[in-house]
Amino acid sequence: MHDQMETAQGGPVGRRFSWPWFLVAVVVYAGIIQGIGLLTGVDTSGSDSQFPTAESMVRNALIPIGASIVFVVGLITWLGWWGEVLHHRVPVRRWVRWGPISMLVVAVLGLNYWHLSEQSFSLVVCLLLLGLFVGVGEELMFRGLGVHVFRRAGFTEGKVALYSSLVFGLVHVSNAVGAGAEALIQAAIVSTSGYFFYLCLRVGGVILLPMLVHGLWDISLISNLVGAQPQTAFGMVLVILLQIVLIVVLLVRRRSIEPVPPQSTVASGPGTVAG
């Protein structure tokens with residue numbers, strides 16, 4: 001299976017893009033975020049908050065991530081892969097849909113509404129934009145481009161999920177520029193989240209679902225970190241518990257994610273079917 005989609009003439013759709021080149025693109029993607037962040041960012045080391053003001057969120061996150069979105073959109077356009085990236089028609093068993101449903105519910109419940117009500121309107125708007133930017137940018141890069149790169153390379157769907165999630169986690173090691181060794185722990189956690197977002201893609205069949213889940217998930221988490229005095233709400237516990245539960249469930253039921261292939265039936269006599 002070298003290519004999942006082919007033209008009427010039997011050739012691959014769009015340009016060829018091997019997985020080693022995808023890894024190069026990921027390095028450039030991360031470099032854009034970190035590099036522009038260093039150029040435009042403001043120093044928040046004197047604050048307990050990751051984003052104490054709207055300006056800090058714009059300069060430390062929105063501008064760098066916005067630039068990375070421009071990069072990945074340009075890359076997908078150059079490759080001619082938009083039809084493939086936007087739609088991912090790979091069936092999955094019905095029970096898996098409870099993954100994205102539970103993540104959406106917990107993300108909404110886990111929002112630190114009280115803390116956000118004490119913040120400026122501009123900071124809250126920037127937080128919502130940050131969720132949108134992260135959801136769009138990272139999903140286009142990893143569940144859009146990454147998933148299809150590994151599928152076109154002929155890997156099984158299980159390896160596609162594994163490799164795209166690992167790369168998603170490893171790229172967050174670049175956060176060590178500002179977060180130090182904590183970024184390594186974050187990378188491990190993010191890899192499992194990447195697998196959940198991959199399943200959202202399988203469930204929805206379009207990349208809009210993982211974008212939505214990813215964006216809300218990050219808004220819920222970051223809602224505890226904004227403002228001059230960050231506050232952690234009980235909702236954070238729900239997010240952590242769900243992550244643990246999903247990991248356990250997927251480990252236990254990992255072999256029942258793929259649909260059962262239809263059994264071939266062979267007529268073995270009048271009124272009888274062997275299967």
Side-chain angles (χ1 to χ4, degrees), residues 1-7 11-37 61-62 64-90 92 100 130-175 187 190-215 217-218:
M1 183 183 64
H2 180 73
D3 226 318
Q4 292 297 320
M5 296 182 66
E6 296 184 344
T7 63
V13 172
R15 300 176 186 268
R16 294 182 182 273
F17 196 62
S18 64
W19 66 263
W21 278 112
F22 169 68
L23 296 182
V24 172
V26 168
V27 172
V28 174
Y29 171 88
I32 289 172
I33 295 175
Q34 296 300 332
I36 294 182
L62 290 179
I65 296 173
S68 72
I69 293 175
V70 173
F71 168 73
V72 69
V73 167
L75 181 56
I76 295 172
T77 301
W78 177 75
L79 290 172
W81 285 20
W82 277 112
E84 217 172 336
V85 165
L86 295 177
H87 303 281
H88 187 80
R89 303 296 184 185
V90 180
V92 71
L130 179 58
L132 174 65
F133 278 29
V134 170
V136 170
E138 294 193 348
E139 290 310 304
L140 282 178
M141 188 68 195
F142 299 100
R143 257 63 61 186
L145 190 58
V147 162
H148 293 292
V149 163
F150 290 118
R151 289 190 74 203
R152 281 177 173 239
F155 293 108
T156 64
E157 202 62 36
K159 289 182 178 179
V160 168
L162 175 62
Y163 296 157
S164 62
S165 300
L166 285 177
V167 174
F168 176 62
L170 288 173
V171 77
H172 284 76
V173 174
S174 63
N175 291 336
V190 169
S191 292
T192 62
S193 299
Y195 189 77
F196 303 151
F197 299 141
Y198 161 82
L199 291 179
C200 292
L201 179 63
R202 293 279 299 272
V203 169
V206 292
I207 203 167
L208 291 179
L209 181 59
M211 282 180 177
L212 173 63
V213 175
H214 192 163
W217 192 255
D218 276 26

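These numbers come from the heavy atoms of this one structure, side chains and all, not from hydrogens, waters or symmetry mates.
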- Query: What distance do Leu201 atom CG and His88 atom NE2 have between them, rounded to the nearest 0.5 Å?
  - Reply: 4.5 Å
- Query: Side chains of Phe197 and Ser193: closer than 4.5 Å at any heavy-atom pair?
  - Reply: yes
- With sequence neighbours excluded, what pairs up with Thr192 under the side chain to side chain donor-acceptor pair (under 3.5 Å) test? Gln243
- Partner of Val85 under side chain to side chain contact (heavy atoms under 4.5 Å, CB included), picked from Ile76, Val72, Val147, is Ile76
- Listed by chain and number, what are the side-chain contact (heavy atoms from CB on, under 4.5 Å) partners of Val70, not counting sequence neighbours? none
- Message: My understanding is that only residues two or more places apart in sequence, or in another chain, count here; which of them pass side-chain contact (heavy atoms from CB on, under 4.5 Å) with Phe133?
- Response: Leu62, Ile65, Ile69
Without placing hydrogens or testing angles, list every side-chain donor-acceptor pair under 3.5 Å for residues 203-215, not counting sequence neighbours.
from, atom 1, to, atom 2, distance (Å)
His214, ND1, Glu139, OE2, 2.6
His214, NE2, Glu138, OE1, 3.2

- Query: Out of curiosity, Arg143 CZ to Phe168 CZ, how far, rounded to the nearest 0.5 Å?
  - Reply: 4.5 Å
- Determine which pairs satisfy salt bridge (Lys or Arg N to Asp or Glu O under 4.0 Å) with at least one residue from residues 158-168, sequence neighbours left out, and list them in order. none
- Message: Testing the basics here: between Ser165 and Gly194, what is the closest heavy-atom pair and its distance to 0.1 Å?
- Response: OG-C, 3.5 Å
- Task: Could you tell me which non-hydrogen atom of Pro64 sits nearest to which non-hydrogen atom of Ile36, and how far apart they are?
- Result: CA-CG2, 4.0 Å
- Query: Quick one: side-chain contact (heavy atoms from CB on, under 4.5 Å) partners of Val26, sequence neighbours excluded?
  - Reply: Phe22, Met141, Phe142, Val167, Val171
- Message: Does any part of the side chain of Thr77, heavy atoms only, come nearer than 4.5 Å to the side chain of Trp82, both counted from C-beta?
- Response: yes
- Under the side chain to side chain donor-acceptor pair (under 3.5 Å) test, which residues partner Tyr198, sequence neighbours left out? Glu157, Arg202
- Query: Mind checking what makes side-chain contact (heavy atoms from CB on, under 4.5 Å) contact with Trp19, not counting sequence neighbours?
  - Reply: Leu23, Val149, Phe150, Ala153, Phe155
- CG-CG distance between Leu166 and Leu162, expressed to the nearest 0.5 angstrom: 4.5 Å
- Item | Selection residues 163-173 - residue pairs positive for salt bridge (Lys or Arg N to Asp or Glu O under 4.0 Å), sequence neighbours left out | none
- Task: Evaluate the side-chain proximity of Tyr29 to Leu75: yes if any heavy-atom separation is below 4.5 Å, no if none is.
- Result: no
- Just how far is it from atom CD of Glu84 to atom CG of Leu79, taken to the nearest 0.5 Å? 10.0 Å
- Check side chain to side chain donor-acceptor pair (under 3.5 Å) between Trp78 and all other residues, then give those that pass, not counting sequence neighbours. none
